[in-house]
There are 2 protein chains.
Amino acid sequence: MSRRAAATARRRTAYHHGDLRAALVTAATALLDTEGPLGVTLRGAARGAGVSQAAPYRHFSDKSALLAAVAEDGFRRLRHAIARAARTHARDPVAALRAMAIAVVRFAAAHPSHYRLMSGPAVRGRDHPALRDAAVGAWALLAGAIERGQRAGRIRPGDPVALSFALWCSIHGLAVLAVDEQIPANVLKVVPLEQLAEHATRCLLEGLAPRPPSRAARRARPASRATARQ
Amino acid sequence: MSRRAAATARRRTAYHHGDLRAALVTAATALLDTEGPLGVTLRGAARGAGVSQAAPYRHFSDKSALLAAVAEDGFRRLRHAIARAARTHARDPVAALRAMAIAVVRFAAAHPSHYRLMSGPAVRGRDHPALRDAAVGAWALLAGAIERGQRAGRIRPGDPVALSFALWCSIHGLAVLAVDEQIPANVLKVVPLEQLAEHATRCLLEGLAPRPPSRAARRARPASRATARQ
DNA sequence: CAGGGAATGTTGACACAGTCAACTTCGAGC
DNA sequence: GCTCGAAGTTGACTGTGTCAACATTCCCTG
């Protein structure tokens, strides 16, 4: 993975680290897990890699560049988790979607600080295209599953991207609420997190299911201009 | 509004500020809007209030206490925005819910940094009960609207808290995605943000609508244990 | 095989942040 | 009128991001 390993196997010397970039990402990730988002520090990562304070600047232009690399790594892992969940239900697209949702929430619960970093203000996708791509890559799996569901007649027709977007909002919203500890105790007491994911996903998937023309659905006016402002 | 005005009208002197606490919250909010979340600083807020660096410690034990006060204020405003939206559709509970969702997303888009702070790692609800209460108070309006919808037969029966939670996930997820600039360009290009809110809300509300027993909904197995791990 | 860039690390320094201790000033109640 | 506590100030400490100047090592070219 590292450009060093790909090269002629430079040996680490006392002076040159060998693969500092990867070591810094690892150290920063460790800090993230143990100390939380505010505990991640450029100097701390350097210490963790056994290197001086300014060394990171040979590999990252910025603190936020380091954080972006960490976040990108997180999205890679998240994508793998989602893909694995999808594979376990290759036959049933709806079950696959549910499993994917649970995988996301599980990932968030297992690595709260990491998930926070991935979707937080510390790194803006705009400034780090690779991060953006990694994020989109992870969530794009949802659209694929939606499409399979449509082909199987389990999900109503329509733009898969638009439909998966609604699902994305739900799942990400739940994950973020969990990670930010904003789920009220009276909810979490009764129902464990994964069941909440199932619940939220089911509510949405029922909305996405094909259905005979329903009076209630059509009664809803398409757009009311008299909504609240601000 | 300020406790100063309520009291015997202490006058501000050169030395004593009069109502530093409120001034600090205002200054911090201004910093948040202009400089972003990372630009909010205790010293900066003190400067903004025309006061020395250590003065805030007479009113806030901590930087995070200041941030919590700012976030709490944000939740108060958010609750008002939601309540106003609900009032504009007193007759149609489903339209009210849609309007509430749009109000939240609008708020988030208008004050991105503020919304981020309100739901971010900077302040943990656990450490600031008043913040937690403000957040719950804002979102509780959803459950009320759901209940009205049930009474009107527009929303299927069930625990209003559980149903509103699914809606909460959707709305908050969309708001957070917007605020974090994670909505892919190919989505935002085609559809403006408020329409996305309508879309997501509609998908979910259709899932929450009362419906004749449907085969597709029942076919979904209640829980599959073979989901992905990690 | 030699030698010279280019990478990669190191040291030292600067500005600024959060935070605290010690001191000062002001308003209110005995 | 005087004192006491609340509210503000000054000065200092540590830790952080960042940079410039210097040191070391790798690897390519002759």
Side-chain angles (χ1 to χ4, degrees), chain A residues 2-25 27-28 31-32 35-70 117 121-124 127, chain B residues 2-25 27-28 31-32 35-70 117 121-124 127:
Chain A
S2 67
R3 86 165 62 123
R4 165 178 183 265
T8 76
R10 286 169 226 150
R11 268 192 323 287
R12 78 158 48 185
T13 65
Y15 199 90
H16 280 55
H17 182 283
D19 193 3
L20 223 203
R21 191 191 151 95
L24 286 171
V25 171
L31 275 180
L32 192 59
E35 311 290 329
L38 306 90
V40 183
T41 189
L42 217 41
R43 289 167 112 109
R47 274 192 294 273
V51 109
S52 84
Q53 82 219 194
Y57 285 91
R58 299 295 157 184
H59 300 272
F60 299 99
S61 66
D62 221 338
K63 180 188 184 182
S64 92
L66 206 209
L67 294 180
V70 173
L117 175 67
V123 279
R124 319 236 313 224
D127 308 330
Chain B
S2 64
R3 88 162 63 119
R4 163 172 187 271
T8 76
R10 290 169 224 149
R11 268 193 323 287
R12 78 158 49 184
T13 66
Y15 200 90
H16 281 60
H17 182 284
D19 192 3
L20 224 203
R21 190 191 153 94
L24 286 172
V25 171
L31 275 179
L32 193 59
E35 311 289 329
L38 305 91
V40 182
T41 191
L42 217 42
R43 290 170 113 108
R47 273 192 294 273
V51 109
S52 85
Q53 84 223 189
Y57 286 92
R58 299 293 157 186
H59 299 272
F60 299 99
S61 66
D62 220 338
K63 180 188 184 180
S64 91
L66 205 210
L67 294 180
V70 173
L117 174 67
V123 280
R124 320 237 313 227
D127 307 331

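Lettering of chains follows the sequences in order, A, B, ..., and the numbering in each one begins at 1. Computed from a predicted model, the values in this text were never measured in an experiment.
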Report all interatomic pairs (protein N or O, nucleotide N or O of nucleotides 18-20 of chain C) with separations under 3.5 Å.
from, atom 1, to, atom 2, distance (Å)
C:dG18, OP1, B:Thr41, OG1, 3.3
C:dG18, OP1, B:Leu42, N, 3.0
C:dG18, OP1, B:Lys63, NZ, 3.2
C:dG18, OP2, B:Thr41, OG1, 2.9
C:dG18, OP2, B:Leu42, N, 3.0
C:dG18, OP2, B:Arg43, N, 3.1
C:dG18, N7, B:Arg43, NH1, 2.3
C:dG18, O6, B:Arg43, NH1, 2.8
C:dT19, OP1, B:Asp62, OD1, 2.7
C:dT19, OP2, B:Tyr57, OH, 2.9
C:dT19, OP2, B:Asp62, OD1, 3.3
C:dT19, OP2, B:Lys63, N, 3.1
C:dT19, O5', B:Tyr57, OH, 3.1
C:dT19, O4, B:Arg43, NH1, 3.4

d([atom1], [X]; [atom2], [N]) in whole Å:
| X | N | atom1 | atom2 | answer |
| --- | --- | --- | --- | --- |
| B:Leu67 | C:dA17 | CG | P | 14 Å |
| B:Leu31 | C:dA17 | CG | P | 10 Å |
| A:Leu66 | D:dT18 | CG | P | 10 Å |
| B:Phe60 | D:dA7 | CZ | P | 12 Å |
| B:Arg21 | D:dA6 | CZ | P | 16 Å |
| B:Leu20 | C:dC26 | CG | C1' | 14 Å |

D:dG8 phosphate, OP1 or OP2, under 4.0 Å from B:His59 side-chain N/O: yes
Phosphate-side-chain proximity, A:Arg47 and D:dT16, N/O vs OP1/OP2 below 4.0 Å: yes
Straight-line distance of A:Leu38 CG to B:Lys63 NZ, nearest 0.5 Å: 8.5 Å
Atom pair CZ (A:Arg43) and OG (A:Ser52), whose distance is rounded to the nearest 0.5 Å: 9.5 Å
A:Val70 to A:Leu117 - nearest heavy-atom pair and separation: CG1-CD2, 3.7 Å
Close side-chain approach of A:Pro56 to A:Leu42, heavy-atom, < 4.5 Å: yes
4.5 Å side-chain heavy-atom contact, A:Phe60 and A:Val25: yes
Partners meeting side chain to side chain contact (heavy atoms under 4.5 Å, CB included) with A:Arg58 (sequence neighbours left out): none
